[in-house]
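Order of appearance sets the numbers: ligands from 1, and atoms from 1 within every ligand. Here the structure is a predicted model, which means the values were calculated and not measured. Only this structure's heavy atoms are used, side chains among them; waters, hydrogens and symmetry mates stay out.
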Amino acid sequence: MRSDRMKIVQGDITAEHVDAIVNAANRTLLGGGGVDGAIHRAAGPDLLAECRKIGGCETGEAVITEGYRIPAKWVIHTVGPVWRGGAHGEAELLASCYRNALRLASEHGVRTVAFPSISTGAYRYPVDEASQLAVCVVGEFLSADDTIAEVRFVCFDERTHNAYSKALREHVDAPSQSGVVPRNRDAG
Ligand code: AR6
């Protein structure tokens, strides 16, 4: 079990001193509100220019850019699912966001990475379910990976912080009990 490599903190992800921060973007990659807006404001216009060249990103996928004016070297942009009641593949898509972001991080030699609470703002994914899924999927990835030393979940508000803290405690107590992690269809 690698839960010692997962940390929950409260704050603004743009100020994190890590190798990479993850952005909860939309499919245009051209910015928006929430954490996306905060990252673009902090990184500056060169980030938008690089995103424009990439041209977009599908839900559940991830792309990587430089961090420009923020402390992190990289920004990994992923597009979470919009919550539509839970029966539209939302969990599989959210799990893919975490897996694809971590795979890109690992490929770029990232040792420390910070995630926001993907999809639980404008996209309305319930935070209790999203936090359990995030902690389990990241825990599963770290068990099979030796390159990433630390994953931080950076929660903006207290309610989100409480949900992730509870999810991590439950994961440490019973890592295989959760049942919230959809199968990784790419695992072969
Ligand atoms: N640092 C960390 N977390 C933050 C920050 C910050 N600076 N600002 C907000 N959050 P959201 P989504 C939290 O809406 O649900 C955008 O317009 C926020 O409180 O940013 O995936 C995109 O362009 C919440 O807990 O992302 C898309 O159109 C979490 O980040 C859409 O919103 C996610 O909320 C994506 O929606």
Side-chain angles (χ1 to χ4, degrees), residues 6-45 47-52 54-65 67-86 88-102 104-105 112-135 137-138 150-168:
M6 292 192 274
K7 301 262 165 7
I8 316 293
V9 300
Q10 193 170 343
D12 174 1
I13 200 167
T14 65
E16 286 289 316
H17 287 264
V18 284
D19 296 330
I21 67 169
V22 176
N23 183 16
N26 61 57
R27 292 191 299 154
T28 71
L29 295 181
L30 297 180
V35 70
D36 194 9
I39 290 171
H40 276 275
R41 276 194 301 279
L47 178 63
L48 183 59
E50 190 177 352
C51 285
R52 195 168 272 130
I54 295 170
C57 179
E58 290 304 318
T59 305
E61 303 289 324
V63 300
I64 191 164
T65 65
Y68 300 99
R69 294 182 191 160
I70 59 168
K73 181 171 197 281
W74 304 105
V75 179
I76 298 170
H77 308 258
T78 188
V79 182
V82 176
W83 180 259
R84 292 196 288 144
H88 294 83
E90 291 94 330
E92 287 82 357
L93 288 166
L94 188 59
S96 293
C97 288
Y98 284 95
R99 291 190 188 111
N100 286 325
L102 288 169
L104 268 182
T112 53
V113 54
F115 280 93
S117 179
I118 299 166
S119 278
T120 69
Y123 285 177
R124 301 185 312 276
Y125 203 118
V127 70
D128 290 339
E129 292 174 35
S131 58
Q132 285 176 38
L133 183 145
V135 164
V137 170
V138 171
E150 186 177 307
V151 174
R152 278 181 219 167
F153 295 97
V154 181
C155 305
F156 203 48
D157 56 85
E158 197 177 349
R159 182 166 184 275
T160 304
H161 185 259
N162 289 342
Y164 277 76
S165 301
K166 180 165 178 277
L168 183 59

Colleague: Under the salt bridge (Lys or Arg N to Asp or Glu O under 4.0 Å) test, which residues partner Arg27, sequence neighbours left out?
Modeller: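 Arg27 satisfies salt bridge (Lys or Arg N to Asp or Glu O under 4.0 Å) with Glu58 once adjacent residues are dropped.
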Colleague: Indicate yes or no: does Glu50 engage Arg52 in a salt bridge with an N to O separation below 4.0 Å.
Modeller: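 Looking at Arg52 together with Glu50, the answer is no, because their closest N to O distance does not fall below 4.0 Å.
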Colleague: Can you give each donor-acceptor pair under 3.5 Å made by side-chain atoms of residues 112-119, sequence neighbours left out, with the distance rounded to 0.1 Å?
Modeller:
{"residue": "Thr112", "atom": "OG1", "partner": "Asp19", "partner atom": "N", "Å": "3.0"}
{"residue": "Ser117", "atom": "OG", "partner": "Thr120", "partner atom": "OG1", "Å": "2.7"}
{"residue": "Ser117", "atom": "OG", "partner": "Tyr164", "partner atom": "OH", "Å": "2.9"}
{"residue": "Ser119", "atom": "OG", "partner": "Pro81", "partner atom": "O", "Å": "2.8"}

Colleague: List in chain and number order the residues that pass side chain to side chain contact (heavy atoms under 4.5 Å, CB included) with Pro71, two or more places apart in sequence or in another chain; answer none if no residue qualifies.
Modeller: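 Scan of Pro71 (side chain to side chain contact (heavy atoms under 4.5 Å, CB included), adjacent residues dropped) gives His17.
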Colleague: Please walk me through it: do Thr160 and Asp157 pass side chain to side chain donor-acceptor pair (under 3.5 Å)?
Modeller: CA-CA 6 Å; Thr160 304; Asp157 56 85; 2.9 Å; yes
Colleague: Under the criterion side chain to side chain donor-acceptor pair (under 3.5 Å), which of Asp36, Thr65, Thr14, Thr78 is the partner of Asn23?
Modeller: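 Of Asp36, Thr65, Thr14, Thr78, side chain to side chain donor-acceptor pair (under 3.5 Å) with Asn23 is met by Asp36 alone.
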Colleague: Write none if no such pair exists; otherwise list each N/O atom of ligand 1 with its protein N/O partner under 3.5 Å and the distance.
Modeller:
{"residue": "ligand 1", "atom": "1 (N)", "partner": "Ile13", "partner atom": "N", "Å": "3.0"}
{"residue": "ligand 1", "atom": "7 (N)", "partner": "Asp12", "partner atom": "OD1", "Å": "2.9"}
{"residue": "ligand 1", "atom": "14 (O)", "partner": "Ala122", "partner atom": "N", "Å": "2.8"}
{"residue": "ligand 1", "atom": "15 (O)", "partner": "Ser119", "partner atom": "O", "Å": "3.4"}
{"residue": "ligand 1", "atom": "15 (O)", "partner": "Thr120", "partner atom": "N", "Å": "3.4"}
{"residue": "ligand 1", "atom": "15 (O)", "partner": "Gly121", "partner atom": "N", "Å": "2.8"}
{"residue": "ligand 1", "atom": "15 (O)", "partner": "Ala122", "partner atom": "N", "Å": "3.2"}
{"residue": "ligand 1", "atom": "15 (O)", "partner": "Tyr123", "partner atom": "N", "Å": "3.1"}
{"residue": "ligand 1", "atom": "17 (O)", "partner": "Gly33", "partner atom": "N", "Å": "2.8"}
{"residue": "ligand 1", "atom": "20 (O)", "partner": "Val35", "partner atom": "N", "Å": "2.8"}
{"residue": "ligand 1", "atom": "21 (O)", "partner": "Ser119", "partner atom": "N", "Å": "2.8"}
{"residue": "ligand 1", "atom": "23 (O)", "partner": "Asn26", "partner atom": "ND2", "Å": "2.8"}
{"residue": "ligand 1", "atom": "23 (O)", "partner": "Asp36", "partner atom": "OD2", "Å": "2.7"}
{"residue": "ligand 1", "atom": "28 (O)", "partner": "Asn26", "partner atom": "ND2", "Å": "3.4"}
{"residue": "ligand 1", "atom": "28 (O)", "partner": "Tyr123", "partner atom": "OH", "Å": "3.4"}
{"residue": "ligand 1", "atom": "34 (O)", "partner": "Gly121", "partner atom": "N", "Å": "3.4"}

